[in-house]
Amino acid sequence: VQLVESGGGLVQAGGSLRLSCAASGLLFISYAMGWFRQAPGKEREFVARISWSDGSSTDYADSVKGRFTISRANAKNTVYLQMNSLKPEDTAVYYCAAQMGRIITDRPNVINYWGKGTLVTVSS
């Protein structure tokens, strides 16, 4: 399984970015997908997740609810994270994760498949 994130960068507070995660080596529709982030000196934390198959179920951390949207394009084996109204506290390395089954856990220590991450920096 390979997960490759893209779309990170430097943005001013209030701006937007869209992260992408291209997956290979797996039957994509059989996997729930998620985004996590890790800020300097902090533990990796849950950001958003989307259920397998048609992605009909989504869930968000309270800190990003109403600002971030997770989606998936099964034909492209890709999951997205649209991030709007970005804040300096959103600065982190963002990681894509995959887990076979309907829903991915929000506990990063039990997830098997990770991308290498993409850096998002939000300036004030």
Side-chain angles (χ1 to χ4, degrees):
V1 175
Q2 187 174 19
L3 305 174
V4 180
E5 301 96 335
S6 61
L10 174 64
V11 64
Q12 288 188 332
S16 298
L17 283 174
R18 188 176 82 155
L19 305 184
S20 299
C21 171
S24 60
L26 76 171
L27 183 59
F28 189 65
I29 60 171
S30 296
Y31 282 74
M33 303 297 293
W35 288 96
F36 293 74
R37 67 186 181 186
Q38 188 165 16
K42 295 188 176 181
E43 293 186 350
R44 194 169 299 189
E45 64 176 6
F46 165 74
V47 175
R49 57 186 171 183
I50 188 166
S51 58
W52 69 355
S53 188
D54 64 359
S56 57
S57 178
T58 58
D59 187 29
Y60 300 90
D62 287 343
S63 59
V64 307
K65 204 168 290 184
R67 300 188 296 122
F68 290 11
T69 302
I70 189 171
S71 62
R72 62 189 296 156
N74 291 335
K76 297 182 179 181
N77 280 16
T78 299
V79 63
Y80 303 98
L81 185 68
Q82 178 67 44
M83 306 186 295
N84 298 329
S85 302
L86 283 161
K87 304 175 181 180
E89 51 263 44
D90 295 318
T91 295
V93 177
Y94 282 71
Y95 296 91
C96 177
Q99 186 172 41
M100 184 180 287
R102 190 181 70 85
I103 288 288
I104 191 169
T105 179
D106 60 0
R107 295 178 294 152
N109 59 309
V110 298
I111 293 173
N112 289 329
Y113 302 119
W114 293 97
K116 294 186 177 181
T118 185
L119 177 62
V120 171
T121 304
V122 184
S123 64
S124 57

Counting only pairs under 3.5 Å, give me each side-chain donor-acceptor contact of residues 18-31, with atom names and distances, residues two or more places apart or in other chains.
none

inquiry  = Among residues at least two apart in sequence or on other chains, which ones pass ring-ring contact (aromatic ring centres under 6.0 Å, His included) with Phe46?
reply    = Phe36

ask   = Is there any side chain to side chain donor-acceptor pair (under 3.5 Å) pair reaching into residues 71-80, and which pairs are they, with sequence neighbours excluded?
value = Arg72-Asn74

Of all pairs that satisfy disulfide bond (SG atoms under 2.5 Å apart), the ones with a partner from residues 36-93, not counting sequence neighbours = none

inquiry  = Lys65: which residues meet the side-chain contact (heavy atoms from CB on, under 4.5 Å) condition with it, sequence neighbours left out?
reply    = Tyr60, Asp62

Pairs meeting criterion disulfide bond (SG atoms under 2.5 Å apart) with involvement of residues 25-80, two or more places apart = none

query = Taking only residues two or more places apart in sequence or in another chain, which ones pass side chain to side chain donor-acceptor pair (under 3.5 Å) with Ser16?
reply = Asn84

remark   = Taking every heavy atom of Leu10 against every heavy atom of Ser123, the minimum-distance pair comes out as CD1-CB, 4.3 Å

Enumerate, atom names and distances included, each donor-acceptor pair closer than 3.5 Å involving a side-chain atom of residues 86-106, sequence neighbours excluded.
{"unit_1": "Asp90", "atom_1": "OD1", "unit_2": "Arg37", "atom_2": "NH1", "d": "2.9"}
{"unit_1": "Asp90", "atom_1": "OD1", "unit_2": "Arg67", "atom_2": "NH2", "d": "3.0"}
{"unit_1": "Asp90", "atom_1": "OD2", "unit_2": "Arg67", "atom_2": "NH1", "d": "2.7"}
{"unit_1": "Asp90", "atom_1": "OD2", "unit_2": "Arg67", "atom_2": "NH2", "d": "3.4"}
{"unit_1": "Asp90", "atom_1": "OD2", "unit_2": "Lys87", "atom_2": "N", "d": "2.8"}
{"unit_1": "Thr91", "atom_1": "OG1", "unit_2": "Pro88", "atom_2": "O", "d": "2.9"}
{"unit_1": "Thr91", "atom_1": "OG1", "unit_2": "Val122", "atom_2": "N", "d": "2.9"}
{"unit_1": "Thr91", "atom_1": "OG1", "unit_2": "Val122", "atom_2": "O", "d": "3.4"}
{"unit_1": "Tyr94", "atom_1": "OH", "unit_2": "Arg37", "atom_2": "NH1", "d": "2.9"}
{"unit_1": "Tyr94", "atom_1": "OH", "unit_2": "Asp90", "atom_2": "O", "d": "2.7"}
{"unit_1": "Gln99", "atom_1": "OE1", "unit_2": "Thr105", "atom_2": "N", "d": "2.8"}
{"unit_1": "Thr105", "atom_1": "OG1", "unit_2": "Arg107", "atom_2": "N", "d": "3.0"}

request  = Please identify each residue that fulfils side chain to side chain donor-acceptor pair (under 3.5 Å) with Ser56, with sequence neighbours left out.
outcome  = Asp54

ask   = Hey, what do you get for CG (Leu17) to CD (Gln82), rounding to the nearest 0.5 Å?
value = 8.5 Å

Without placing hydrogens or testing angles, list every side-chain donor-acceptor pair under 3.5 Å for residues 108-120, not counting sequence neighbours.
{"unit_1": "Trp114", "atom_1": "NE1", "unit_2": "Ile111", "atom_2": "O", "d": "3.3"}
{"unit_1": "Thr118", "atom_1": "OG1", "unit_2": "Gly8", "atom_2": "N", "d": "3.2"}

